[in-house]
Amino acid sequence: MTSRINWFKYSSPASFYPLAGKLIPAFFAVASLLAVCGLYIGFFVAPTDAQQGEAYRIIFIHVPAAWMSMFLYVVMAFWAGMGLAFNTRLSSMMASAIAPTGALMTFIALWTGALWGKPMWGAWWVWDARLTSELILLFLYLGFMSLQAAIDDPRRADKAGAVIALVGAVNVPIIYFSVQWWNTLHQGASVSLTRNPSMAATMLAGMLIMALAIWIYSIAVVLMRVRSVILERERNSDWVQELTEQQS
Amino acid sequence: MKPPRLLDAWSAVVRRDLLSALRHRADLLTTLIFFVIVASLFPLGVGSDAALLRSIGPGVIWVAALLASILALARLFSGDYADGTLEQLALAPYSLTFLALGKIVAHWLATGLPLVIVAPLLGVQFDLNADALLVLMASLLLGTPTLSLIGAVGAALTLGVRGGGALLSLLILPLYVPVLIFGAGAVEASAAGLGAGAHLSLLGAFLLSALVFAPWATAVSLRIAVE
Amino acid sequence: MKPPRLLDAWSAVVRRDLLSALRHRADLLTTLIFFVIVASLFPLGVGSDAALLRSIGPGVIWVAALLASILALARLFSGDYADGTLEQLALAPYSLTFLALGKIVAHWLATGLPLVIVAPLLGVQFDLNADALLVLMASLLLGTPTLSLIGAVGAALTLGVRGGGALLSLLILPLYVPVLIFGAGAVEASAAGLGAGAHLSLLGAFLLSALVFAPWATAVSLRIAVE
Amino acid sequence: MLVISQLGCVRGERRLFSEISFEIGPHTLLEVRGPNGSGKTSLLRILCGLLHPAAGRVSWNGRDIHELGEEYRAHMAYLGHASAVKDELTAHENLRYSAATAGLAASTTDISTALDTIGLSGFQGIPCKTLSQGQRRRVAFARLYLCSARPLWILDEPFTALDAAALALTRNLLESHLRSGGMLVLTTHQEVEITSPHTQRIDLGI
Amino acid sequence: MLVISQLGCVRGERRLFSEISFEIGPHTLLEVRGPNGSGKTSLLRILCGLLHPAAGRVSWNGRDIHELGEEYRAHMAYLGHASAVKDELTAHENLRYSAATAGLAASTTDISTALDTIGLSGFQGIPCKTLSQGQRRRVAFARLYLCSARPLWILDEPFTALDAAALALTRNLLESHLRSGGMLVLTTHQEVEITSPHTQRIDLGI
Ligand code: HEM
Ligand SMILES: Nc1ncnc2c1ncn2[C@@H]1O[C@H](COP(=O)(O)OP(=O)(O)OP(=O)(O)O)[C@@H](O)[C@H]1O
Ligand SMILES: Nc1ncnc2c1ncn2[C@@H]1O[C@H](COP(=O)(O)OP(=O)(O)OP(=O)(O)O)[C@@H](O)[C@H]1O
Ligand SMILES: [Mg+2]
Ligand SMILES: [Mg+2]
């Protein structure tokens, strides 16, 4: 019972705002610590790959970013759906706050992938299934953000964004599998991602730590963005005005 | 007289939109001509090598169909939104989901079906064989309604939002990818002498799930638009 | 204060449109993203064979630019027409030809220029080499203003004739063909290691003649539209 | 019986009104007055159920209108700033289809009568795009005429663009609706006197 | 001095009016009256030069307005059914750019004064799309305010959507324009009394 009351308390922007404010520094601290560890392992501890040389080390950024880009879309759609179903303002704000970070992660995955692709495949870009679906994911994020940006009434923007996020969420798996099938149909074996199947344990560890770091970093950034969205949307409410008075 | 029932209201929506479309025959032609022109631009941009054209033909025709269908979508709700008809639909004592489905059906009949009928002509331009032409028509017959259904959600979401047309394509084109892949895939498979059955049944499955999900999402978006 | 002169009025038109565009940054992005998405759809329809894609790359990118520019054109005058601004422009004590040119310039700056800048990214997706990428940008830099100028005539015609409008704008599309052929041709020539100079100077010539002819035709069509 | 309780409305960042409560029963005219931008249109759209209020609720015969949904909408007619007249259809076609989609029982003769009554006899068969501003508004009123059986009418500046003759006709229509037990919610900036058994007024300040 | 001679207008297949002749000199108000669809809007658009008449001619100081072109337009202000207000710009920006494109000399303070006068003090800096129907119409009137120096004003149902306060303000504006030697052509279905040194009326039958 008590936990339930707590939950509802923090689902109101007014009480969520200070809570988030307290959590953010902690999240950032943990994220940077993990990132330092992960990068150290990745760049100094992990052995040089037999086939791919030093260039492979970019996976310590590439793979966590790619994972996070997909994960964040699901989380975003979840919050947007909650906002649409239960009309809770905070959930919708979460969704709009997640989108830019998700798009950023997608972009990083694409960029690092392209950087890696040049030495590996001799081309910045190939129409591989995985690459293609990552690109489409980027478009989905951009669509969500453009739609919200194009609508000025925040309540309407939230609802419209939720619809497109949900439609997208239904489609993402379909897109993922169709793209995969498309590629195998066309050039099956020539998709030469010559990967080293038995990844050394240290490499795995480095990657997992980096993934955790990026995860926690995302949480921190999203909380920051939610805080500024709250301030903007509630700037006429009493508690925000008290807050600004206190600060000035 | 008894008041009209749900089905009467539904068919009134369909018939009104078809009549409007007929009054604007030019509009109908536009989508069609756009389809033809886009598909015909390619040989101009790409060069006239026959083998090359044959291998890109199905893809180009499908992309053209997809773009034509987006072009037509911009008009699906915008007229009704501007002149207040949409408000009245939202205030009708019937399920908006169902009425929205009526609008989508009329829209497909007016803009999607003609594409299906004209497509073989374009296929001939790209030197597709008879089997492939049949499969092309079948794939469009299953695929274009799906495009209209998914597109309707986007059209409803972008109502009254400035930048409509381009935003609409941004929202919808990524969602069209599976239809494009299996639509073009079916034709390519058949042109290569393989069976297109698997592709077509997948297209059918997409259509069914879009039928279940899209009208509802469209209705939700329309209510948001008339707020 | 002295009343504004022709150039002041012209720059007010340009600045108003740019400001509107900036207020709707999402609008600007959408044209751009549409360009990127359309170009990316082709591999999905056509297949991922690198050699094939390399050979159709320039054509695909140019067709995508053309479609993106058509899509953006729909908004060039429609807002002004609906809210009465166009009437006021037609009643301004300046040459409408010149004011229309102002709107076209603003429109190109907001929607055409970004295409030129992003195009190389797409070129990379189709595996074009560095020289070809440069020529791609140059050809778009000369070609997209021509598209905006010709397209403006179509957009203005669209306003006047209700319904048949979209059809008229399609009649403009054939006028785009030379631009497409020489634009894509320039890139292909350069990708094949040949000089693209001849193509580019032809594009320049098109641009000049469009500059002379299009604003006038646009103004005439606008006057018809506000009758 | 329409009961409004503690209604509040926020648009953009401005609170337009709050804590508005009233009841409308049969034979009642509710005039909503207020300067430009005071929230009249917003209030009417809330009463229709198009807009969700920031606070409070609207109920019809004791139940929330959003719960009732279609059941409520079957008892209501709304005429907004936009006339819902399709340019490419004739006045007669416009009416036929909009009656069917609105769930109104209307035969062809009913429709012709409605158009004649509102003074569009000669204009039934031509596309509405060639009608003048006021003639289109008359088409919208003809639809209202077909809604006689619905108890609640909600009209947002219905008299714009109407000439004196049309004004008299529409005033008659509204008055007979009230006499026969209807309810009417109305905004207008024009001074149109509508005699009604009961009149209530709401003034929205800015 | 605006001289209209033997003007006739045909729209679609209907002859709206024919052989209309009149003259408007300084201090003169011309009221164009007529039922819906009688051709008031069409007449006004002919006077502006937007529409070409089927017969007759309109001349300004002795020369045909189409010959004069820009020279005529520099002496005229038109306010039509549509307000020419851009949604995404603020009221102030709207005025700044439309003044410049219309060839009006207007400094920033002029514009602020115009907006204040018309009762939009608090609404200068917000995008016009969030204004109500009547507030947008006020923005259009603020532009008219900047046109004080132009002798000929042509207004098509300018008072739609205006509340009582705005009506009084705009009536003042029009009256002082007439007093200072201006000419005014006006259509309206509302009963707005404008006192003017000289008043002429045209009734268009249907
Ligand atoms: C722009 C180019 C690229 C993109 C968009 C991209 C995208 C992705 C994505 C989305 C994942 C996560 C997929 C999953 O977990 O199932 C991933 C993982 C991975 N990528 Fe990339 N990638 C690109 C280039 C490359 C290149 C060039 C290589 C190396 C040859 C590479 C190697 C890997 C590896 C080893 C993984 C982790 C393996 C796994 O979890 O299955 N990627 N990439
Ligand atoms: N979509 C919107 N977003 C933000 N604010 C809005 C929106 N629509 C209206 N408003 C604001 O709400 C206020 C009330 O608008 P509303 O249209 O309800 O006024 P009204 O009383 O009908 O005025 P009028 O008499 O001019 O029609 C206006 O000040 C306007 O600025
Ligand atoms: N574009 C057009 N094509 C054909 N006929 C038209 C067109 N525009 C208007 N008409 C016709 O011209 C007639 C007069 O229209 P106009 O708009 O001038 O009337 P009005 O006097 O301004 O009426 P209102 O008071 O309703 O605004 C109408 O009967 C209409 O049918
Ligand atoms: Mg209003
Ligand atoms: Mg009129």
Side-chain angles (χ1 to χ4, degrees), chain D residues 10-14 16 32-45 80-82 91 118-123 126-139 141 156-157 159-170 187-193 203-206, chain E residues 10-14 16 32-45 80-82 91 118-123 126-139 141 156-157 159-170 187-193 203-206:
Chain D
V10 177
R11 296 226 74 173
E13 281 142 32
R14 297 199 24 247
L16 294 179
V32 181
R33 293 272 164 158
N36 293 141
S38 54
K40 300 179 296 301
T41 300
S42 310
L43 175 60
L44 263 53
R45 292 175 80 87
H81 280 302
I118 210 76
L120 287 174
S121 324
F123 296 86
I126 59 173
C128 286
K129 74 169 144 246
T130 63
L131 296 183
S132 80
Q133 198 84 342
Q135 287 168 328
R136 293 151 151 273
R137 199 66 180 165
R138 289 178 187 220
V139 177
F141 259 104
D156 195 0
E157 300 200 27
F159 307 118
T160 10
L162 293 181
D163 60 13
L167 212 63
L169 283 171
T170 53
T187 73
T188 175
H189 290 301
Q190 279 164 272
E191 287 306 326
V192 180
E193 277 308 318
D203 273 284
L204 298 178
I206 195 156
Chain E
V10 177
R11 296 226 74 173
E13 279 140 33
R14 298 197 23 246
L16 293 180
V32 181
R33 291 273 163 159
N36 293 138
S38 54
K40 300 179 295 301
T41 299
S42 310
L43 175 58
L44 263 54
R45 292 175 81 87
H81 279 303
I118 210 76
L120 286 174
S121 324
F123 296 86
I126 58 173
C128 285
K129 74 168 138 252
T130 62
L131 296 183
S132 80
Q133 199 84 343
Q135 287 168 327
R136 292 151 152 270
R137 200 66 182 167
R138 288 176 187 223
V139 177
F141 260 104
D156 194 0
E157 300 201 28
F159 307 118
T160 11
L162 293 181
D163 59 13
L167 212 64
L169 283 171
T170 53
T187 74
T188 174
H189 291 300
Q190 277 163 273
E191 287 306 326
V192 180
E193 277 308 318
D203 271 285
L204 298 177
I206 195 155

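Residue numbering restarts at 1 for every chain, and letters A, B, ... go by the order of the sequence lines.
The parts of E/L162 that come within reach of chain D are both its backbone and its side chain, each placing non-hydrogen atoms under 4.5 angstrom from that chain. For D/A166, the part lying near chain E is the side chain, with the backbone staying farther off; criterion is any non-hydrogen pair under 4.5 Å. At a 4.5 Å heavy-atom cutoff, E/E191 makes no contact with chain D through either its backbone or its side chain.
The minimum heavy-atom distance linking E/G37 with D/S132 is given by the pair N-OG, 2.9 Å.
Taking the side chain as every heavy atom from C-beta outward, E/R138 and D/N36 approach each other to under 4.5 Å.
The residue among E/E157, E/R33, E/H81 with the most heavy atom pairs within less than 4.5 Å of chain D is E/H81.
The CD atom of D/Q133 sits 9.0 Å away from the NE2 atom of E/H189 when rounded to the nearest 0.5 Å. A distance of 7.0 Å separates CG of D/D163 from NZ of E/K40, quoted to the nearest 0.5 Å.
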